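Predicted model only: the values in this text are computed from it and were never measured. Both counts, for ligands and for their atoms, begin at 1 and track the order of listing. The figures here come from the full heavy-atom set of this structure, side chains too, leaving out hydrogens, waters and symmetry mates.
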Amino acid sequence: MSVIVIGSGIGGLCAASLLSLSGEKPLVLEKETYVGGRATSFPVKGCLLDYGWHASYYSSGHVGGTVGEILQQLRQPVNLKKLDPPLSQYRQGVIESVVGFRHVPPELRPVLMKFAADIRKIPYEETYTYDDMTVLEWAREKTDDPVLLKHFNLSSYFAITAKADKASAGEYFRVLQIATSMCQGLGYPAAGGIRTIADSLVRGIESLKGQVITGAEVVEMDVDGERVSKVLYEKDGELQEIVPDTVIFNPPVYSILDYITEFPSEFSKRVKAMKGNHTGPSTQVYVCLTRPFVNIPSLVLLPEDADMWQPGEHCALFSPSTCSSEVAPPGNQLVLIAVPYTGRSAESHAVDLLKEAFPGAGPCIKWVHSFETPVVDGLAKHVGWVGRHKVPVSSPLENLYFVGDTVEGTGPGMELPADSAQRCVYQIQRGSS
Ligand SMILES: Cc1cc2nc3c(=O)[nH]c(=O)nc-3n(C[C@H](O)[C@H](O)[C@H](O)COP(=O)(O)OP(=O)(O)OC[C@H]3O[C@@H](n4cnc5c(N)ncnc54)[C@H](O)[C@@H]3O)c2cc1C
């Protein structure tokens, strides 16, 4: 069977890995010159920068969860250094842990623990009955305490990238149940940047005779009846053509309409509607310092609208150079600051924040580099977009499938595309048996 995987994000690579493990020889086409999609790292001025803040799920020293299981099966485990505390933030001149109950007043902690226990007790299948209710609506039935409601807002953002008034309670419960069962915390690659994970998946695929080609942009897909009959891609200025048995599409689902328009109108309408459902951009600004200033092993992070936790506060710092020695040259330190602005004002806000948090850091700034990281359209888990409403891994064309974080699947962060990849490969194999 000739399987073409379009895109080398975590979803595309996990699908290609699972197929390789079952004896197929998939071909992955990636338009960029590097793999990993959004979970990637770039060399910049002697440092290795991740595409924004990234940590992975930690399990006994390795990447955990579905991604970790696939890496283990490929015999390519990725060693992680545990982040402890897992997440911290800077506010009012103090760096403090975000995850855990430290920010919740002691008298409210037992209440919160009871809510968490209630969520864990909901049978997994029953969580779908909460899909059309928001996290906020569910939480309001339990409490009207503003601090606890803020906690739900923040944890909803961390879990599924949507605020509590937009996020589906069912999706939130599933993600929390999965995250609790699979992870012993967060970790960062002990060697290299976050792209180590994608690179290891590629090594595994190639060791099983699959192929990953970078700098290969798919430009057209032809449809013949109910099937994708041809995939055309450009590599080194030349157009190449493949006749595939199966195509797996990893970019955001709505972008399939740039290549194929011959879908039933109902499907096209649904996919088109995914575009525009985002929660707004934030900018992740790296500052390279000529000497270490941040004295914690993990990070200070903010969701793009951090003011949801504490009005007026917009800060997130991460010092990856203390996690993996390769990401910044010896003696230097990288600090990552996320701010809810774009353009040049983002960089100046980040630098101001750094100077406020670490007085004296100003003269040590070597350079500043920023990435704008919009939340991908269709990713935010709006009520009505989960469960039965979401785009499944299969499509109206019999040999076209979808994977990635805009597709049906469950899990926090990279786990979502990995889960979709598992569902996709299961469907393909069921169809061909
Ligand atoms: C700032 C930021 C921080 C995050 N932090 C975390 C975190 O800490 N932990 C966590 O687990 N997750 C985190 N995430 C989420 C995680 O990065 C994503 O969920 C995941 O990487 C998405 O993978 P994917 O496979 O869905 O798609 P993508 O990564 O988007 O992959 C799609 C791929 O398709 C390629 N492509 C597109 N068009 C074509 C074409 N025409 N031809 C060939 N190739 C094409 C793209 O170049 C890309 O490589 C974060 C995301 C962001 C943006």
- request: State the atoms of ligand 1, each with its element, that fall below the 4.0 Å cut-off from a heavy-atom position in E32.
  value: 47 (O)
field: The one among Y259, Y233, F402 that brings a heavy atom closest to atom 40 (C) of ligand 1
entry: Y259
- prompt: Mind checking whether I10 has an N or O less than 3.5 Å away from an N or O of ligand 1?
  reply: yes
- prompt: With a cut-off of 4.0 Å, which atoms of ligand 1 are near a heavy atom of G404?
  reply: 26 (O)
- request: Measure the distances from the heavy atoms of I6 to every atom of ligand 1 and state whether one is below 4.0 angstrom.
  value: yes
query: Looking at the rings of W367 and Y286, which for Trp means the six-membered one, are their centres under 6.0 Å apart?
result: no
- prompt: Counting only heavy atoms, which portion of A216 has something under 4.0 Å from ligand 1: side chain, backbone, both, or neither?
  reply: backbone
statement: atom 42 (N) of ligand 1: of L29, V218, T283, the nearest heavy atom sits on V218
query: Just which atoms of ligand 1 are under 4.0 Å from any heavy atom in G11?
result: 25 (O)
query: To which protein heavy atom is atom 7 (C) of ligand 1 closest, and what is the distance rounded to 0.1 Å?
result: A55 O, 3.5 Å
query: What atoms of ligand 1 come within less than 4.0 Å of a heavy atom belonging to Q284?
result: 1 (C)
- request: Please identify which atoms of ligand 1 are closer than 4.0 Å to at least one heavy atom of G7.
  value: 33 (C), 34 (O), 35 (C), 44 (N)
- request: Answer yes or no: is there an ion pair linking R203 with E206, defined by an N-O contact shorter than 4.0 Å?
  value: no
- request: Write out the residue and atom name of the closest protein heavy atom to atom 24 (P) of ligand 1, then the distance separating them to 0.1 Å.
  value: N250 ND2, 3.7 Å
field: Atom pair CG/CG of L29 and L232 - distance to nearest 0.5 Å
entry: 11.0 Å
- request: May I ask you to check whether S370 and E347 show a side-chain donor-acceptor distance below 3.5 Å?
  value: yes
- prompt: Once the angle between the rings of F267 and F263 is folded into 0 to 90°, is it parallel (under 30°), tilted (30 to 60°) or perpendicular (over 60°)?
  reply: tilted
- request: Flag the pair K272 / Y254 as yes when at least one side-chain heavy-atom distance between them is below 4.5 Å, and no otherwise.
  value: no
- prompt: Which protein heavy atom lies closest to atom 39 (C) of ligand 1, and at what distance to 0.1 Å?
  reply: K31 CD, 3.7 Å
message: At under 4.0 Å between heavy atoms, is it the side chain or the backbone of A39 that contacts ligand 1, or both, or neither?
response: both
- prompt: What protein heavy atom sits nearest atom 37 (C) of ligand 1, and how far away is it?
  reply: P251 CG, 3.3 Å
message: Using only atom types and a distance under 3.5 Å, with no angle test, would you say the side chain of N399 pairs donor to acceptor with the backbone of T246?
response: no
- request: Verify the ring-centre separation between F173 and Y124: is it less than 6.0 angstrom?
  value: no
query: Are there more than 12 heavy atoms of other residues, nucleotides or ligands under 6.0 Å from atom OH of Y426?
result: no
- prompt: To which protein heavy atom is atom 28 (P) of ligand 1 closest, and what is the distance rounded to 0.1 Å?
  reply: R38 NH2, 3.6 Å
- prompt: Any nitrogen or oxygen of W53, main chain or side chain, under 3.5 Å from a nitrogen or oxygen of ligand 1?
  reply: yes
- prompt: Hey, are the side chains of I119 and Y130 touching, using non-hydrogen atoms and a 4.5 Å cut-off?
  reply: no
- prompt: Out of curiosity, Q76 CD to D199 CG, how far, rounded to the nearest 0.5 Å?
  reply: 10.5 Å
- prompt: Between the side chains of D50 and S41, does any donor sit under 3.5 Å from an acceptor?
  reply: yes
task: Enumerate the atoms of ligand 1 whose separation from the nearest heavy atom of Y51 is less than 4.0 angstrom.
output: 1 (C), 53 (C)
- line: Minimal heavy-atom distance between G9 and N250, with the atoms involved, is N-OD1, 2.8 Å
message: Distance under 4.0 Å to a non-hydrogen atom of M414: what atoms of ligand 1 satisfy this?
response: 10 (C), 11 (O), 12 (N)
- prompt: Any Lys/Arg nitrogen of D405 or R38 sitting under 4.0 Å from an Asp/Glu carboxylate oxygen of the other?
  reply: yes
- prompt: Who's the nearest protein heavy-atom neighbour of atom 18 (C) of ligand 1, and how far?
  reply: D405 OD2, 3.5 Å
- request: Report the nearest protein non-hydrogen atom to atom 14 (N) of ligand 1: residue, atom name, distance rounded to 0.1 Å.
  value: H54 NE2, 3.3 Å
Proximal atoms of ligand 1 relative to G37 (non-hydrogen, under 4.0 Å): 29 (O), 31 (O), 48 (C), 49 (O)
statement: atom 47 (O) of ligand 1 has as its nearest protein heavy atom E30 OE2, 2.7 Å
